[in-house]
*Asks:* 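What follows is a single structure, and I will ask about it in a moment.
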There are 4 protein chains.
Amino acid sequence: MTEKQDKILSSALELFANEGFNATSTNQIAKKAGVSEGLIFKHFKNKKGLLDALYVQVEGKLGAGFTQIIFETDPKKVLKITIESPFMIPHEDYDFWRLQFKLKWESDYYNPEKMQPLIDKLAWAFEELNYETPEMEAKLLEQMIETIMVAILRQGKESQLAYKDFLLKKYEL
Amino acid sequence: MTEKQDKILSSALELFANEGFNATSTNQIAKKAGVSEGLIFKHFKNKKGLLDALYVQVEGKLGAGFTQIIFETDPKKVLKITIESPFMIPHEDYDFWRLQFKLKWESDYYNPEKMQPLIDKLAWAFEELNYETPEMEAKLLEQMIETIMVAILRQGKESQLAYKDFLLKKYEL
Amino acid sequence: MTEKQDKILSSALELFANEGFNATSTNQIAKKAGVSEGLIFKHFKNKKGLLDALYVQVEGKLGAGFTQIIFETDPKKVLKITIESPFMIPHEDYDFWRLQFKLKWESDYYNPEKMQPLIDKLAWAFEELNYETPEMEAKLLEQMIETIMVAILRQGKESQLAYKDFLLKKYEL
Amino acid sequence: MTEKQDKILSSALELFANEGFNATSTNQIAKKAGVSEGLIFKHFKNKKGLLDALYVQVEGKLGAGFTQIIFETDPKKVLKITIESPFMIPHEDYDFWRLQFKLKWESDYYNPEKMQPLIDKLAWAFEELNYETPEMEAKLLEQMIETIMVAILRQGKESQLAYKDFLLKKYEL
DNA sequence: TATGAATGAGTATTCATTCAT
DNA sequence: GATGAATGAATACTCATTCAT
């Protein structure tokens, strides 16, 4: 991965995440990256190829975000880390996540099973804590977390801080 | 509103909702509507004008959906109707809602205050039911409802049915 | 067929015939025709669509060229007209024929059966004139005529005039 | 001439002969040859340089094909060898000849005088055999041979076999 | 000798939009 | 109200070619 290749990807990420895939032209990407338009196609074949490359990165980040939760053995801590995780995302990763959520609407990239490992772990935690329907609780919490993340990405971290305390209290953490 | 005008709008709705605004060309709309491309511009000035016209319709539907909840006086029923509402949407309105949610990601049209009347009513209901932080509960429930709607629009009503019962039970309705 | 449509076709014919299909850009065609590049695609869908439209015209000319020969009842005259035909082509049709011969090398357009009606008529004439293998003689003459046409298209009518007399004498016409 | 140089030339020959010069990209050639695109330009300066290099080879083959005829002293044998020559071309040389004929239509390379030595020899043979207009007969036979070659290159040797016998008989060989 | 990164001009094609009828 | 011809700017993508390594 050369420096220019990197620059292309990061420029594309920023534009795709904020303007959308279709609303972003390869010309814009090239200009922002400071490279010739042709180079994009040399390295990524397609505009779609660019998105694919970004998607791989996004999936990587997603997996990395999971690991801490997956390896936690204290059920209460599992819930706590999960609830806090949207607030821990470094600002420079916001575009990654924005893209991730935008892609949910593009059927080619929509994969609801991606979150399954997280849901499974949460279900395990709720079971340990003797919740009645742990599976359902897990799904619900996961959805709430996603919802909060979307709000953070759109309105900023601060606007959602109250939620964190509210949820922590709700789950007695 | 002539018949052709109507046909243009409904074709545009279907395409915008499923392919996205940018990914839909006026040519496609004209073909689907069975009219000349020029007519679109006669009636709606430009492509954005089409979206604006649809947006008005969407807002109408949104408001109509609210009224039943707004005028309900039994707090428990307010929550019940809210939770059940995503499952009551008739199938022919799905495109309307899909467009509504897609527009959330197209900055120009995102208006988070649109849901405020619903949130206020929910907050009132939670207060009546002596919840500790009714405002917070209201926002959370509203977000969960949105999340469920998104899931319904993407995966169908059936996939989310379990949530309804779960939430109704959770809120003791 | 509007005037501009006509202009596009004639410009394309001239360029395709002299520069070749691949060597001609739609930009060149548009400029020569004095229209916007977009119009080419509105009317002919593709660059290939342009070639297809020309091909139809070429086939028409070819058929028209045959009729006089096909309806001739005197076998000697059939041969005479055939031999003279390459020299009768009006200069403004040269591009048509140049394209016709160029297309022979593009498999999509190569159709060796196109000449069959002519060959059949020649075979009939040679039979009437008691040639031993009329079918073979017909094919040979047809090939010679094609060869002479190619030479005319490349080097001009005058360069090949001697052939006409030579062939007329050879076949005792 | 290194191995890679050779591979580039043979790949270019195959592509130019079958797809055409303009329709073939240096990228395709490089890929088929298994070398980097840059190497083509190191060795042949530019795309045209490649064609020039091939042209030299084609001219060599052409010359080689002539020698047997040129040095023949029996006039009947001269005609016989000439008529049989298109059928003697080894299959692996077909691309060479295809390119040769395609170039005829690309003006820069068309050189009608290339065949003159053959025509002269044929004229000599026809004179020896007391034909009335030997020069004319020579040109005609040469053109027929070319036409047959084109047909062979496009439709295969077998499709044209009948011609050989027919011509041999016609010239009483 | 050979590579592969990089370019800038060019390619076919699409787009939203205008306008005469 | 409605059409369809026409446009010019933009689009994704390709091309032959250069150059540092």
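Reminder, nothing fancy here: chain letters follow the sequence lines and each chain counts from 1. Computation of the quantities below employed the complete heavy-atom set of this structure, encompassing side-chain atoms and omitting hydrogens, waters and symmetry-equivalent molecules.
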*Asks:* Suppose we define a pair by two distances each less than 3.5 Å, Watson-Crick or G-U wobble; what does E:dT11 pair with here?
*Replies:*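 The answer is F:dA12, by the H-bond criterion.
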
*Asks:* So, OP1 or OP2 of F:dC13: does either fall under 4.0 Å of a side-chain N or O from A:N46?
*Replies:*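 Answer is yes, contact under 4.0 Å.
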
*Asks:* Closest approach to the side chain of A:N27, judged atom by atom: which nucleotide of E:dT3, F:dT11, E:dA12 is it?
*Replies:*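 Among the listed nucleotides, the one closest to the side chain of A:N27 is F:dT11.
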
*Asks:* Please report the distance, rounded to the nearest Å, between CE in A:M1 and P in E:dG4.
*Replies:*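 Going from A:M1 (CE) to E:dG4 (P), I get 17 Å.
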
*Asks:* Show, in sequence, the C-alpha distance, side-chain angles and deciding distance for C:Q5 and C:L9, and conclude whether the side chain to side chain contact (heavy atoms under 4.5 Å, CB included) test is met.
*Replies:* CA-CA 6 Å; C:Q5 237 165 317; C:L9 273 182; over 6 Å; no

*Asks:* B:K31 NZ to F:dT3 C1': how many Å, rounded?
*Replies:*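 Value for this atom pair: 15 Å.
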
*Asks:* Once rounded to the nearest 0.5 Å, what's the spacing between atom CD of C:Q100 and atom CG of C:D93?
*Replies:*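 Rounded to the nearest 0.5 Å, the CD-CG separation comes to 12.0 Å.
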
*Asks:* May I ask you to evaluate whether C:S36 reaches the phosphate of F:dA6, defined as a side-chain N or O under 4.0 Å from OP1 or OP2?
*Replies:*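 No, no such contact exists.
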
*Asks:* Reading DNA chain E from 5' onward, which residue's closest nucleotide shows up sooner: B:K45 or D:G38?
*Replies:*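 Its nucleotide being nearer the 5' end, the pick is D:G38.
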
*Asks:* Within 45° of the six-membered ring axis of C:F21 and under 6.0 Å from that ring's centre, is NZ or CZ of C:K47 located there?
*Replies:*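 Yes, C:K47 and C:F21 form such a contact.
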
*Asks:* Less than 4.0 Å between a side-chain N and a carboxylate O, is that true for A:R98 and A:E14?
*Replies:*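 Salt bridge flag = no for A:R98 with A:E14.
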
*Asks:* Using heavy atoms to find the nearest nucleotide of DNA chain F for A:E37 and D:E37 separately, return the residue whose nucleotide is more 5′.
*Replies:*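 Checking each residue's closest nucleotide, the 5'-ward one belongs to A:E37.
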
*Asks:* Provide, to the nearest angstrom, the distance between the CG atom belonging to B:N22 and the P atom belonging to E:dT14.
*Replies:*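 After rounding, the gap between these two atoms is 18 Å.
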
*Asks:* Would you kindly give the CG-to-P distance between C:L15 and E:dT11, to the nearest whole Å?
*Replies:*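 Roughly 12 Å, once rounded to whole Å.
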
*Asks:* Tell me which residues in residues 6-13 of chain D lie within less than 4.0 Å of DNA chain E, going by non-hydrogen atoms.
*Replies:*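 Contacts with DNA chain E under 4.0 Å: none.
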
*Asks:* Nearest-Å distance, CD1 (B:I29) to C1' (E:dT17)?
*Replies:*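 The answer, rounded to whole Å, is 13 Å.
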
*Asks:* Between D:Q5 (CD) and E:dA2 (P), how many Å, whole number?
*Replies:*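 To the nearest whole Å, that distance equals 8 Å.
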
*Asks:* I want to confirm an ordering. Mapping A:G34 and C:F41 to their closest nucleotides on DNA chain E, which one lands closer to the 5' end?
*Replies:*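 Looking at DNA chain E, the more 5' nearest nucleotide goes with A:G34.
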
*Asks:* If you compare every side-chain N and O of C:H43 against the phosphate oxygens of F:dG4 (OP1, OP2), does one of them come in below 4.0 Å?
*Replies:*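 So the side-chain polar atoms of C:H43 never come under 4.0 Å of the phosphate oxygens OP1 or OP2 of F:dG4.
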
*Asks:* What is the separation between atom CZ on C:F44 and atom P on E:dT13, rounded to the nearest whole Å?
*Replies:*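 These atoms are roughly 14 Å apart.
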
*Asks:* Can you tell me the pairing partner of E:dT17 across any strand shown, Watson-Crick or G-U wobble, with both distances under 3.5 angstrom?
*Replies:*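 Partner of E:dT17: F:dA6.
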
*Asks:* Check this one for me: any side-chain N or O of B:K47 less than 4.0 Å away from OP1 or OP2 of E:dA16?
*Replies:*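 Indeed, a polar side-chain atom of B:K47 lies that close.
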
*Asks:* For B:K42, which contact category applies under a 4.0 Å heavy-atom criterion: base, sugar-phosphate, or nothing?
*Replies:*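 Since a base atom lies under 4.0 Å of B:K42, the category is base.
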
*Asks:* Looking just at side-chain N and O atoms, do D:T24 and D:E19 make a donor-acceptor pair shorter than 3.5 Å?
*Replies:*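 No pair is found: no donor N or O on one side chain lies under 3.5 Å from an acceptor on the other.
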
*Asks:* Under 4.0 Å between a side-chain N or O of C:K4 and OP1 or OP2 of F:dT7?
*Replies:*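 So the side chain of C:K4 is within the cut-off, an N or O lying under 4.0 Å from OP1 or OP2 of F:dT7.
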
*Asks:* Nearest to the side chain of D:S25, heavy atoms from C-beta on, is which of E:dA16, F:dA16, F:dA12?
*Replies:*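 For D:S25, the side-chain atoms sit closest to F:dA16.
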
*Asks:* To the nearest 0.5 Å, what is the distance between CZ on B:F16 and NZ on B:K102?
*Replies:*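 NZ of B:K102 is found 11.5 Å from CZ of B:F16.
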
*Asks:* Tell me the interatomic distance from C:L39, atom CG, to F:dT7, atom C1', rounded to whole angstroms.
*Replies:*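 Going from C:L39 (CG) to F:dT7 (C1'), I get 8 Å.
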
*Asks:* Just wondering, are more than 12 heavy atoms of other shown residues or ligands nearer than 6.0 Å to CD in B:E92?
*Replies:*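 Enclosed: over 12 neighbouring heavy atoms sit under 6.0 Å from CD of B:E92.
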
*Asks:* Please examine the side chains of A:I152 and A:I89, heavy atoms only from C-beta on, and report whether any two atoms are closer than 4.5 Å.
*Replies:*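 No, side chains not in contact.
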
*Asks:* Considering every strand and a 4.0 Å limit on heavy-atom distances, what is the contact class for C:T26: base, sugar-phosphate, or nothing?
*Replies:*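 Here C:T26 touches the bases of the nucleic acid.
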
*Asks:* When you check the phosphate oxygens OP1 and OP2 of F:dG1, does a side-chain N or O of B:T2 lie under 4.0 Å from one of them?
*Replies:*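 Checking F:dG1 against B:T2, no side-chain N or O comes under 4.0 Å of OP1 or OP2.
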
